[in-house]
There are 2 protein chains.
Amino acid sequence: MPEATTQMPRADARRNRDALVAAAAILFAQQGEATTFEDVARAAGVGKGTLYRHFPTRDHLVAALVQIRFDELTRRADELNDSDDPGSAVDAWLREFDQYPVRSRGLRSTVGIGLADRGSAIATACLPMKRRFGQLLERAQSAGALRTDIDVTELLTVVASLPETFRDPEGRSPFLDVVLRGLRA
Amino acid sequence: MPEATTQMPRADARRNRDALVAAAAILFAQQGEATTFEDVARAAGVGKGTLYRHFPTRDHLVAALVQIRFDELTRRADELNDSDDPGSAVDAWLREFDQYPVRSRGLRSTVGIGLADRGSAIATACLPMKRRFGQLLERAQSAGALRTDIDVTELLTVVASLPETFRDPEGRSPFLDVVLRGLRA
DNA sequence: ACCTGAACACCGTTCAAGT
DNA sequence: ACCTGAACACCGTTCAAGT
């Protein structure tokens, strides 16, 4: 009979982690960056220490929150890699990326800062997405559709830094168009 | 003999205010947004209450800090209003604006957020600058050099929101070029 | 191995007492 | 009119004691 692997977390640990992420998602959506660690722990019904055990820093918690959407965006980049118009594919993908944090006020700038911070929890969470979208971007650049003096990290950081004010009812930034036009070769 | 006018602050009040702004400038340059109100009061050699009396909110203090450079930029916009190439004048002015907060880490995003927040201390501090640069912008738009679907506040907010990472040694953002290109009609 | 909550530190904010 | 610093509240962070 094999021993339980060390990879397998205890059932209560798993439950607590899920409750914390769920609570954080709701609170961040409501209050944005004003959300305190204490709020999250209380809403999840666990002690503060438990929150710290699962997420040693605020960035770790935010990373867990955005992970799901980033995974979706990674898959989306893969789909678009089949496109025969990589320039438009980059546009389309960035429009989706621009919209991802609409429901979590303030997270946008946190992600914008974390993206470029090598080794940070957020940067780690973004790695697969950066790799896949990076391929798409390079294809568009090789095809001569986009300027070549901008790399993936810079581009994602700028789009993630677009202000949350001035959004239309669908959450789109009027400025994304300016950036996309400016990117064209 | 005329009475002292109520506009005239007491000498010690004036001295304290100056000391607070000077201390804040140094501390923000060193530590950015991590600077605490307590730090500022201590470095200026005054009590916490005095800081609160002069600057009821953090935004009021930041507004005082950036006021000097904003006044410079306002004058610069006036100079450029004589230009016969308003499109290039807008470019030149935005390049200078992009550089203003380089010495104060973190202030950039504070200003970016405050700019669009009607009635905020920062928005008020920006009013003259917005008016003068707005004239320049409108001239460039009327001349057909720039797209007309972006207004002053949006434009300044976006440039002020450009990430502080990815700056060249002179503090220029590689992304300002992208924005400027995207702005062209 | 994981959870809890008390305990400590730090800082924002207020305000009674001073000059 | 303005200044001071003590006092309070809130929250981030740690950790000894539990299961």
Side-chain angles (χ1 to χ4, degrees), chain A residues 2-24 26-28 30-65 106-107 110 113-114 120-122, chain B residues 2-24 26-28 30-65 106-107 110 113-114 120-122:
Chain A
E3 299 174 8
T5 111
T6 52
Q7 310 289 36
M8 186 66 169
R10 238 164 58 176
D12 57 346
R14 178 114 191 84
R15 235 188 354 259
N16 282 337
R17 207 197 116 101
D18 291 348
L20 284 164
V21 173
I26 292 169
L27 289 172
F28 271 96
Q30 286 169 358
Q31 326 173 9
E33 288 291 350
T35 307
T36 68
F37 257 47
E38 206 163 15
D39 285 342
V40 176
R42 191 172 341 105
V46 305
K48 286 170 148 197
T50 306
L51 176 47
Y52 275 92
R53 162 167 279 268
H54 287 286
F55 305 104
T57 74
R58 196 182 184 78
D59 269 11
H60 287 264
L61 180 55
V62 172
L65 276 180
L107 282 199
T110 305
I113 292 164
S120 73
I122 288 171
Chain B
E3 298 173 9
T5 112
T6 52
Q7 311 290 36
M8 186 66 168
R10 239 165 57 176
D12 56 346
R14 178 114 190 82
R15 230 185 0 254
N16 282 337
R17 207 197 116 99
D18 291 346
L20 284 164
V21 173
I26 292 169
L27 289 173
F28 272 96
Q30 287 168 359
Q31 325 173 9
E33 289 290 348
T35 306
T36 68
F37 257 46
E38 207 163 14
D39 285 341
V40 175
R42 191 173 340 104
V46 304
K48 286 169 149 197
T50 305
L51 176 47
Y52 275 91
R53 162 168 281 266
H54 287 286
F55 304 103
T57 73
R58 197 182 183 76
D59 270 11
H60 286 265
L61 180 56
V62 172
L65 276 181
L107 282 199
T110 305
I113 293 164
S120 74
I122 287 172

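Note on naming: letters A, B, ... go to the chains in the order of the sequence lines (proteins, then strands), and numbering restarts at 1 for each one. Keep in mind that the numbers below use all heavy atoms, side chains included, and drop hydrogens, waters and symmetry copies.
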Please give, in whole Å, the distance from [N] [atom2] to [X] [atom1]?
| X | N | atom1 | atom2 | result |
| --- | --- | --- | --- | --- |
| Phe37(B) | dT4(D) | CZ | C1' | 17 Å |
| Glu38(B) | dC11(C) | CD | P | 6 Å |
| Leu20(B) | dC2(D) | CG | P | 14 Å |
| Leu51(B) | dC11(C) | CG | C1' | 12 Å |
| Arg14(B) | dC3(D) | CZ | C1' | 18 Å |
| Arg58(A) | dC11(D) | CZ | C1' | 11 Å |

N/O (side chain, His54(B)) to phosphate O (OP1/OP2, dC3(D)) under 4.0 Å: yes

Phosphate OP1/OP2 of dC2(C): any Arg53(A) side-chain N/O under 4.0 Å: yes

Between [options], which nucleotide gets closest to the side-chain atoms of [X]?
| X | options | value |
| --- | --- | --- |
| Val46(B) | dT4(D), dA1(D), dA1(C) | dT4(D) |
| Ala13(A) | dC11(C), dT4(D), dC2(C) | dC2(C) |
| Asn16(B) | dG12(C), dT4(C), dC3(D) | dC3(D) |

OG1 on Thr36(A) to NZ on Lys48(A), rounded to 0.5 Å: 8.0 Å

Straight-line distance of Phe37(B) CZ to Arg58(B) CZ, nearest 0.5 Å: 6.5 Å

Consecutive Watson-Crick or G-U pairs in runs of at least 3, all under 3.5 Å, in which DNA chain D is involved: C:4-8 with D:12-16, C:12-16 with D:4-8

Polar pair under 3.5 Å, donor/acceptor by atom type, side chain Lys48(B), base dT4(D): no

DNA chain C: 5'-proximal contact among Thr57(B) and Asp12(A) (nearest heavy atom): Asp12(A)

Candidate pair Gln31(B) and Asp39(B), rule side-chain contact (heavy atoms from CB on, under 4.5 Å), full reasoning: CA-CA 11 Å; Gln31(B) 325 173 9; Asp39(B) 285 341; 3.6 Å; yes

Single hit among Leu65(B), Val40(B), Val21(B) for side-chain contact (heavy atoms from CB on, under 4.5 Å) with Phe55(B): Val21(B)

Non-hydrogen atoms of Ala44(A) and Leu20(A) that approach each other most closely: CB-CD2, 3.6 Å

Short N-O contact, Arg15(B) and Asp12(B), less than 4.0 angstrom: no

Residue mapping more 5' on DNA chain D - nearest nucleotide basis, Arg10(B) or Gly45(B): Arg10(B)

Earlier contact from the 5' end, DNA chain D, for Arg42(A) and Gly49(A): Arg42(A)

Touch class at under 4.0 angstrom, heavy-atom based, for Tyr52(B) against every strand present: base

Touch class at under 4.0 angstrom, heavy-atom based, for Thr50(A) against every strand present: base

Side chain proximity check, Glu33(B) to Leu107(B), heavy atoms < 4.5 angstrom: yes

